[in-house]
Protein chains: 2
Amino acid sequence: MNEPLDIVFSALADPTRRTILAMLLEDDMAVTDVAEPFEMSLAAISKHLVILTKAGLISQEKRGRVKWCKLEPDALRSASVWMQGFGQFEPVNLDAFERFLEIEIPNAEET
Amino acid sequence: MNEPLDIVFSALADPTRRTILAMLLEDDMAVTDVAEPFEMSLAAISKHLVILTKAGLISQEKRGRVKWCKLEPDALRSASVWMQGFGQFEPVNLDAFERFLEIEIPNAEET
DNA sequence: TGAACAATCAACCAAAAGGTTGAATATGCG
DNA sequence: CGCATATTCAACCTTTTGGTTGATTGTTCA
């Protein structure tokens, strides 16, 4: 698994990692705070953060004891460009957005 | 690994499968013809096609002996829209976006 | 200094992913 | 019918993934 697209897509394939990305949408966070809401160990979250960092989806900066995690949304661009190569749809398509909402939201509760 | 986005992103994470999708961009293809340029066995390609089908990225229709594979770009749309959400630096409505992600950000205070 | 905290490392484990080969199941056709 | 073709199934193997626990490394601060 060496190509950038492999790394980005497989990073996005895990729901824990997507949740972390969504959390970082709100604000930068320390590793411990990222881990806090999850039921898995800190070490497991630390590994997820390494994977997200290698994919370029986040960056990590250590200040003192604390390592801050920051979303890097630009990394999604290559994957997004690849998908737009399939070109049958607009990159931001509100109709599709709404259809997606209607279809997927009912499942959101059954985590 | 049950949720739609898990399945779509992990289907996209494999370079063989992305190549297959690109091939199908040109035209529908029979399983044997999809497999021909690859160095792996037909059975391996058949498994990849099952994964792409379960992700909704292709459909397969059997006519006679031949099973035709057809690109279904609508499944890419959901993933593309998901990614576009991260490109917008100030999400218009974060709550709606989180629902859109079809996840619930775990919150230890409530659980 | 030394205790508490932040984060990673190392070793390990179970399950899933991705491949193989050989047999099986349809289907088409001379 | 009988054989070739198209595809999948079943069993197996190796590597990767995602998790665990306990030890370890830095850092802060009373």
Side-chain angles (χ1 to χ4, degrees), chain A residues 1-24 27-70 111, chain B residues 1-21 23-24 27-70 103 106 108 111:
Chain A
M1 209 202 35
N2 18 29
E3 295 197 30
L5 283 178
D6 296 25
I7 298 173
V8 170
F9 280 130
S10 65
L12 293 175
D14 183 274
T16 299
R17 289 193 289 266
R18 288 201 310 278
T19 302
I20 291 172
L21 293 178
M23 290 163 65
L24 292 177
D27 207 353
D28 300 354
M29 295 180 82
V31 173
T32 303
D33 294 330
V34 170
E36 195 270 339
F38 294 96
E39 286 180 349
M40 68 188 70
S41 69
L42 182 62
I45 295 295
S46 178
K47 285 187 188 177
H48 281 304
L49 293 172
V50 167
I51 290 169
L52 288 170
T53 301
K54 284 184 176 163
L57 291 162
I58 68 169
S59 58
Q60 290 181 289
E61 181 198 358
K62 191 170 183 185
R63 290 203 296 271
R65 295 191 281 194
V66 176
K67 208 171 196 177
W68 292 90
C69 304
K70 178 178 177 0
T111 319
Chain B
M1 210 207 33
N2 308 319
E3 301 205 26
L5 283 177
D6 295 26
I7 298 173
V8 170
F9 280 129
S10 66
L12 293 176
D14 184 275
T16 299
R17 290 193 289 266
R18 287 200 309 277
T19 302
I20 291 173
L21 292 177
M23 291 163 65
L24 293 176
D27 207 353
D28 299 354
M29 296 179 81
V31 172
T32 303
D33 295 330
V34 169
E36 195 270 338
F38 294 96
E39 286 180 349
M40 66 188 69
S41 69
L42 184 61
I45 295 294
S46 179
K47 285 187 190 178
H48 280 305
L49 292 171
V50 167
I51 290 168
L52 288 170
T53 301
K54 285 184 177 164
L57 290 163
I58 68 170
S59 58
Q60 290 182 289
E61 182 198 357
K62 191 170 183 186
R63 289 204 296 271
R65 299 189 278 194
V66 176
K67 207 170 197 177
W68 292 91
C69 305
K70 178 177 176 3
I103 56 170
T111 345

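Naming: A, B, ... by sequence-line order, numbering from 1 per chain. Only a predicted model underlies this, so the values are computations on that prediction, with no experimental measurement involved. The analysis underlying the following values was restricted to heavy atoms, covering all of them including side chains, and did not include hydrogens, waters or symmetry mates.
Nearest approach of A:Thr16 to A:Asp14, heavy atoms of both residues: N-OD1, 2.8 Å. Contact detail for A:Phe38 and A:Thr19: the closest heavy-atom pair is CZ-CG2, 3.8 Å. Between A:Asp6 and B:Pro15, the shortest heavy-atom contact is OD2-CD, 3.3 Å.
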Find every protein N or O atom lying less than 3.5 Å from an N or O atom of nucleotides 27-30 of chain D, and list the pairs.
residue : atom : partner : partner atom : Å
D:dT27  : O3'  : A:Arg65 : N            : 3.4

Please tabulate, for side-chain N and O atoms in residues 47-59 of chain B, each donor-acceptor pair with protein atoms closer than 3.5 Å (sequence neighbours left out).
residue : atom : partner : partner atom : Å
B:His48 : ND1  : B:Arg17 : NH1          : 3.1
B:Thr53 : OG1  : B:Leu49 : O            : 2.7
B:Thr53 : OG1  : B:Gln60 : OE1          : 3.1
B:Ser59 : OG   : B:Glu72 : OE2          : 2.8

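Here C:dC5 presents its C1' atom at 15 Å from CD of A:Glu36, a figure rounded to the nearest Å. Per the geometry, CD belonging to A:Glu39 stands 13 Å off P belonging to D:dT21, to the nearest Å. The separation between B:Ile51 atom CD1 and C:dA16 atom C1' is 10 Å, rounded to whole Å. Taking atom CG on A:Leu12 and atom P on D:dT17, their separation rounds to 14 Å, with Å as the unit. The distance between atom CG of A:Leu52 and atom P of C:dT8, rounded to the nearest whole Å, is 12 Å. The interatomic distance linking B:Trp68 (CH2) with D:dA6 (C1') rounds to 12 Å, in whole Å. If you measure from atom CG of B:Asp6 to atom P of D:dT17, you get 16 Å, rounded to the nearest angstrom. The separation between A:Gln60 atom CD and D:dG26 atom P is 17 Å, rounded to whole Å.
Of the residues in residues 41-48 of chain B, those with a non-hydrogen atom less than 4.0 angstrom from any atom of DNA chain C are B:Ser41, B:Ala43, B:Ala44, B:Lys47, B:His48.
With sequence neighbours left out, B:Asp33 forms a side-chain contact (heavy atoms from CB on, under 4.5 Å) with B:Met29, B:Ala30. With sequence neighbours left out, A:Ala44 forms a side-chain contact (heavy atoms from CB on, under 4.5 Å) with A:Met40, A:Ser41. Considering only residues two or more places apart in sequence or on other chains, B:Glu39 meets the side chain to side chain donor-acceptor pair (under 3.5 Å) condition with none of them.
Within the model, atoms CG of B:Leu12 and CD1 of B:Ile7 stand 12.0 Å from one another, a figure rounded to the nearest 0.5 Å.
Comparing A:Arg17 and B:Ala30 along DNA chain D, the residue whose closest nucleotide (by nearest heavy atom) sits nearer the 5' end is B:Ala30.
Side-chain atoms of A:Thr32 and A:Val66, non-hydrogen and from C-beta on, never get closer than 4.5 Å to each other.
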